[in-house]
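Encoded as structure tokens, the structure appears first; notes follow it.
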Amino acid sequence: MDATPDAPPETSPAASPERSPDDAEALSFPGGSLTLVSTPIGNLGDITERALSCLRAADLVLCEDTRVTGRLFFAKSISVPLEALHEHNERQRTPALLRMLVAGKRIALVSDAGTPLLSDPGFRLVRDALEAGLPVTAAPGANAAVTALTLSGLPPHPFLFHGFSPPRQSARRDAFGKLRAAEQAGLSATLIWHEAPHRLAEMLADLRDVLGGDRPGAVARELTKRFEEVRRGTLAELAEHYEGTAARGEITVLAGPPVAEDPARTAAELDQRLMEAMRTLSVKDAATLVAGALSLPRKLVYNRALELGRGPEG
């Protein structure tokens, strides 16, 4: 059960010997500091010795869900107080946690899996601790986005990690459209998202429509676990597969960088489509139609339509 947000963390007598100031692991985790500890994304064997040392030396471990982290603690024989820190209580709990750090307590922060802060709570606490001049460090380890990138067969750098895509289709397509516009302005990077299984098919269909079906991509599922799978193909192929195949588990989606385009050719195509559309449509409607067809921001297309000489209409 998660701890009550306002309640002080419970003490654990069994943890006292492990957290002795003279112990080597405690010396690597000085009092009054906050350490971000990466945890396994599936396989418990992926936790590092340093991560285990930091967790055992902590006076308090903050986590998303005490039940999830509790299973890790049981498997690794760690007896340290756990307290939930999540989006609903982080603002409220941060001042008290900062006071604990000022008083010399060692606090470790973990997420349910992987590297803290990446699509997980904790940013507010880290930011406020840094602003207060308190020491913040990290025990690095597993990360689903980077693991998926290395297995994808796509260019490993540069890459952009976007966390989870917006759950609503209109917002999601708008976000993808902004990325496409950035690519047309010169951005070239492998793009990475996390996604929920029940939204994967819709997300891939939107990626296909906005970025282009021939764009290479990959879907990584259940990384480091028994049923690990990395499916590679074009965005059109991936969208077709998952349209008829229900996905399960933790999922990371990747799209490779765009094929280099001739800017002059792209501009010429935009002008041609606008002129054709404006023969029968108002400037406003033509811009909306062409922006959707070319996956360009509507405002940019509308301004270009005005420049072509029709003036504001509709």
Side-chain angles (χ1 to χ4, degrees), residues 118-119 145 148-149 152 154-196 199-219 233-239 242 252-279 281-314:
L118 299 183
S119 297
L149 176 64
S152 68
L154 300 171
H157 53 77
F159 70 88
L160 290 178
F161 173 64
H162 299 278
F164 283 86
S165 66
R168 295 181 59 185
Q169 185 181 53
S170 59
R172 186 167 58 238
R173 290 180 72 97
D174 182 64
F176 294 166
K178 290 177 180 177
L179 284 172
R180 181 66 183 130
E183 289 178 341
Q184 291 175 323
L187 173 68
S188 182
T190 294
L191 309 175
I192 308 174
W193 296 266
H194 291 323
E195 191 52 277
R199 288 198 300 264
L200 178 61
E202 294 179 357
M203 179 211 183
L204 288 170
D206 289 338
L207 280 176
R208 174 199 60 204
D209 295 344
V210 176
L211 300 186
D214 59 348
R215 180 78 66 93
V219 174
T234 65
L235 293 180
E237 292 168 341
L238 293 171
Y242 286 103
T252 303
V253 177
L254 305 96
V259 177
E261 297 181 9
D262 181 352
R265 180 178 178 182
T266 301
E269 181 182 6
L270 171 60
D271 288 356
Q272 179 183 357
R273 293 206 181 196
L274 279 173
M275 293 300 292
E276 291 175 353
M278 288 190 297
R279 291 192 183 104
L281 299 173
S282 68
V283 170
K284 179 180 178 181
D285 291 341
T288 299
L289 177 66
V290 174
L294 297 181
S295 300
L296 290 172
R298 183 188 173 281
K299 185 176 181 180
L300 181 152
V301 177
Y302 180 74
N303 288 338
R304 180 54 184 162
L306 295 178
E307 292 173 1
L308 290 176
R310 287 292 299 272
E313 296 183 24

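FYI, side chains are in, hydrogens and waters are out, and symmetry mates aren't considered; it's all heavy atoms of this structure. Treat the numbers as computed from the prediction; the structure is a model and nothing was measured.
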State, yes or no, whether a side-chain contact exists between [X] and [Y] at a heavy-atom distance under 4.5 Å.
| X | Y | result |
| --- | --- | --- |
| Arg173 | Asp209 | yes |
| Leu238 | Leu207 | no |
| Arg180 | Pro258 | yes |
| Asp285 | Leu289 | no |
| Val219 | Glu195 | no |
| His162 | Leu179 | yes |

Residues Arg273 and Glu276 bridged, charged N to O under 4.0 Å
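Salt bridge flag = no for Glu276 with Arg273.
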Shortest non-hydrogen contact between [X] and [Y], atoms and distance:
| X | Y | answer |
| --- | --- | --- |
| Tyr242 | Ala201 | O-CB, 3.5 Å |
| Leu154 | Ala218 | CD1-N, 4.4 Å |
| Leu160 | Ala189 | CG-CB, 4.3 Å |
| Val290 | Ala277 | CG2-CB, 4.1 Å |
| Thr190 | Pro155 | OG1-O, 2.7 Å |
| Gly163 | Ser119 | CA-OG, 3.3 Å |

Test item: Arg215 side-chain N/O and Gly256 main-chain N/O as donor-acceptor pair under 3.5 Å
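A pair under 3.5 Å: yes.
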Hey, is the main chain of Pro167 close enough, under 3.5 Å, to the side chain of Arg172 for a donor-acceptor pair?
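Looks like yes, one N/O pair under 3.5 Å.
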From [atom1] ([X]) to [atom2] ([Y]), nearest 0.5 Å:
| X | Y | atom1 | atom2 | value |
| --- | --- | --- | --- | --- |
| Arg208 | Phe176 | CZ | CZ | 12.0 Å |
| Leu235 | Leu211 | CG | CG | 6.5 Å |
| Asp206 | Ser165 | CG | OG | 8.0 Å |
| Leu200 | Trp193 | CG | CH2 | 12.0 Å |
| Asn303 | Arg298 | CG | CZ | 9.5 Å |
| Thr234 | Asp214 | OG1 | CG | 7.5 Å |

